[in-house]
Amino acid sequence: MDWSTSVLTTGSADTRPCALVTFDDAKYMFNAPENANRALVQSHLNWRKITGMFFTQCTVDAMNGAAGTLMTFADGDIPKLSLVGPPGLEHWISAWRTCLYRPTLAVECIEAPMEAQPEPEPVYTDKHIKLFAVPVLAHATETVGEKRKREPSPDLPSKRHAPSGDSESLQSIMQSAEFIPDMLVGDEQRAYRKLLLQSMFPRPVVEANQRSRGKRKGKGQALKESAQQHENTGTDPSQNDMYRRRLPPGFHKQQPAFVHPEGCSSSNPATIAYILVGPRIRGKFDVASAERLKVPTRSRKTLTQGSSVTFTVTQDGKTFERTVQPEDVVGASHPPGTILFLDVPSVDHIASLSSNFTDSPFYRRFRSDDEADKKEYNVHVVYHVLGRGVLDDPRYIAFMKGFSSGSQHVVYSPEYSPDPVTFTGAAFNQLRLNQLDSDIFTIPKYSLQGSRPLSDVPSLPANVCMMASHLTTQMRPPMPPQVDHRASDRFHPAVSSSEPLGLPPLTVDKFTEAHREIADCVERKAVREFPGSDVTIMPLGTGSAVPTKYRNVSSTLIKIPDFGNILLDSGEGTWGQLARQYGAERDVPGSAWDVLRHLKCIFVSHLHGDHHLGVANLLRKRKLLDPPPLEPLYLVTVRQVHLYLRELHDLEDLGFTENYKTNGVLTVMSEALHYSNLGHFAESGMWQVGGDEEWIGAESSVLRARYMCESLGLDSFVTVDMHHGTRCYGCFLKHSDGWSVAFSADTMPVSNLQQAGGKATVLIHEASMGEGEKEIAQKKRHSTIGQAIDVGIDMDADVVLLNHFSARYLSIPPLKNKKSSFGADGPIIAMAFDHANLRIGTMWKMNKYLPAIKQCFMDTTEEGDSDLEDSSLVVQAAQD
């Protein structure tokens, strides 16, 4: 049985380390960092037989891509998944309950204990692997060896119920008219979270097994059975939602506060290291020996399965019984290949990791050169995911050298690892477009060298290599790591070459024609002038529903000189897009960290994951700023997004505060900033706020929005109700310098933006569909390109920036509307592209560049590219 392990993503500005283990009929994944989903759908790796996902931490670094990957796996017909992680795993997954629902997927969550086990048992096992979880705790270097004191538990509300661990007790508590989830503690909390998870992934395991044997069910049938199976699980029939689920009481309330295990906290999350033991491969059957011993053919299978056989033999005229042992005819078995995935966030974790592999007789066998131990467990690959300073610590070098001399070490270390571009196809296209306009299409920031060479580390063990995407290690037959030749990368060789980048003749012609038209407009002084010409509007993600090769999911940055920055939506991967655009060096002026420091508003339009799954990473990065920001960050969004981010804040500090005089993250409710009902919440209907948490307040939201406007130089910032498949707000902001921006978010064409603010300098409007797809657009509550242009004309916008294109279009959607001639009487029409560095005063150029851009995309198309790169994208795109 051949199997292998490979690096999907390494640590970089785009993402964090993630590895896959591949058998013919099963796959396993270590961690799901941000952008793992985009890396999966664009790689050559077949993920469709994914079986398990194993998380080292319940943190942004390890798990912020899990929601996207779970949706991709479910939409790709994966029937069942086992998720393994430290305590907090169920809390993290259930925090996504309002935006993640897949009735065709069964999910099992397994939380590994954080206490050392004298005789460790696997936390997960199947026919291929056994998985052991090793707890890794942080101990301050100066107190190594001392027992860490438990941090005091948070004060519990007076109405909290004493835990009984009895499921019947939980049912009776939930039936109380005063029930709120925060009343629960102990085992009842976990039982309640399992109800939440069941409402998210209701497909029973037996159904998943049936489907894996070919019995398929339609989505409608799955929805019906999902509703039926909730009838006897303590759900409240009055708590239904758009999917017709019967939801547990308190489903839309805040989860019980998570209590960290002993020795852990939100600033020091629980960490797990994993040992994956593969199958023991039996030895080769010796046919010659079997024939010499006259073993009957029918008995040979029994011997290969490890059992002895007894049979009658006639030899030299004598008949007697002969017993043959397996070792008489079967060669020695091959020891099971073993993979270690070690996450060591800081030097304070080294002592705990080392002691586990020293003090435990069981784990000690994995770091042994003893032949008996190596016959039991052949440690072939050790992945080291290291925090700052760990690889420089002599204790860790000594730990590494304790493994067998034949072990391969694959290392990620922030000081020593390079920062290559992960999505090289998009970067290569950007490199070509840089020759069209070097100001608008800047070359992505990257580095092929670490800040320090690995040779600076003394006494490293043999067989050490730096982690890199597509680095594959064959486990059977065992081979050293090597980069998979199928991985395509045209960007790094081209940008590193001393030779000029060549362009096809047709592309050169289109570029030349565009340059001629631009020069002609400037010479004739035919360039229209607008207020705010120096304001940058940077599309960071221009795709819809799922990321594609050339477009990430939704995010748009507005940089206001001398005031600060605003982010309109923040889909998964937004930080990576910022880092590639501005650079990830912490101390360099103008880098992504500098952009983040001056970010004063994040506006998230609605609950669909492609618009907000990148927020948590931005908030976590913001906590790492040193020195910290001087002003607060105002998060303007609907209650459900606030709710899930605050539940993640239980596990890892994201900076939320109620003190507006600090530099923390302040809550502003979109519902309270509605242009026609400022300072009030709707009392009924789909627009009501839906909760009464202490951090919700209409008046406080208006007050904070006023402070936000003062900080950004805005005269006003209001939200606007849009027409989408879920509650969705656009926004209209006016600056004191006379310019304004209207943002549609996801919507059918409506006049609400015009009613809210009138004429806009720039209208950023979704244009998900081409003109031939009006019926699909209407069904999915989206707009076509022509409809978006019509909205801009009706509101007399100066510029219409088309955005949010369906995954159906690999590069550029068809532009067939009669108004696409961009006449002088109408608005300037610009099409958004990821990383297009646009200023309000230069957007007109995108009109002239469009034919050249289209030709450039055509020329960079690679084998396998199509309008839809993966069939699962059709499903996901249709659901948004």
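We number each residue from 1, following the sequence as shown.
Residues D392 and R452 are paired through a salt bridge, judged by an N-O separation under 4.0 Å between the basic side chain and the carboxylate. Taking a cutoff of 4.0 Å between a charged side-chain nitrogen and a carboxylate oxygen, R48 and D77 do not qualify as a salt bridge. In summary, E652 and R620 engage in a salt bridge, as defined by a charged side-chain N under 4.0 Å from a carboxylate O. Using a cutoff of 4.0 Å between basic side-chain nitrogens and carboxylate oxygens, E376 and R280 are scored as salt-bridged.
Judged by a 6.0 Å distance limit and a 45° cone about the ring axis, R365 is not positioned over the six-membered ring of Y377.
The closest side-chain donor-acceptor pair between Q482 and T472, if any, does not fall under 3.5 angstrom. D343 and T56 form a side-chain donor-acceptor contact under 3.5 Å, judged by distance and modelled atom types alone. At a cut-off of 3.5 Å, with distance as the only test, a side-chain donor of T72 or N37 sits close to an acceptor on the other residue. When only modelled atom types and interatomic distance are considered, E415 and S413 share a side-chain donor-acceptor pair under 3.5 Å. For the 3.5 Å distance criterion, the side chains of N35 and T15 fail to qualify, holding no donor opposite an acceptor. A side-chain N or O of S265 and one of S267 form a donor-acceptor pair less than 3.5 Å apart.
Remark: the backbone N or O of G573 is paired with a side-chain donor or acceptor of E34 at under 3.5 angstrom. A donor-acceptor pair under 3.5 Å links the side-chain atoms of T5 to the main chain of L20, judged by distance alone. Side chain of S43 to main chain of L40: a donor-acceptor pair is present (N/O by atom type, distance under 3.5 Å, no hydrogens or angles). In this structure a side-chain-to-backbone donor-acceptor pair under 3.5 Å is present from N268 to G263. T302 contributes no side-chain N or O that, together with a main-chain N or O of S307, makes up a donor-acceptor pair within less than 3.5 Å. Without hydrogens or angle criteria, T69 side chain to G65 main chain gives a donor-acceptor distance under 3.5 Å. Between the D373 side chain and the D370 main chain, no donor and acceptor come within less than 3.5 Å of each other. Put simply, the side chain of D419 gets close to the backbone of A13: a donor and an acceptor are under 3.5 Å apart. Side-chain N or O atoms of R97 include none that pairs as donor or acceptor with a backbone N or O of L197 at under 3.5 Å. Of the possible polar contacts, one joining the Q189 side chain to the L184 backbone as a donor-acceptor pair under 3.5 Å is found.
Of all heavy-atom pairs between Q57 and A62, the closest is O-CB, 3.4 Å.
Within a 6.0 Å radius of CG in D359, other residues, nucleotides and ligands contribute more than 12 heavy atoms.
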Please list, one pair per line, the donor and acceptor atoms closer than 3.5 Å that link side chains of residues 350-357 to other protein atoms, with sequence neighbours excluded.
| unit_1 | atom_1 | unit_2 | atom_2 | d |
| --- | --- | --- | --- | --- |
| S352 | OG | L137 | N | 3.0 |
| S355 | OG | A351 | O | 3.1 |
| S355 | OG | S352 | O | 2.9 |
| N356 | ND2 | P135 | O | 2.7 |
| N356 | ND2 | S352 | O | 3.1 |

Pair up each side-chain donor or acceptor in residues 127-134 with any protein partner under 3.5 Å, not counting sequence neighbours, and list the distances.
| unit_1 | atom_1 | unit_2 | atom_2 | d |
| --- | --- | --- | --- | --- |
| K127 | NZ | D25 | OD2 | 2.8 |
| H128 | NE2 | D25 | OD1 | 2.6 |

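Among residues two or more places apart in sequence or in another chain, the side chain to side chain donor-acceptor pair (under 3.5 Å) test is passed with H349 by S346.
In summary, of the residues considered (Y28, Y412, F54, Y383), a ring pair (Phe, Tyr, Trp, His ring centres under 6.0 Å) with F341 occurs for Y383 alone.
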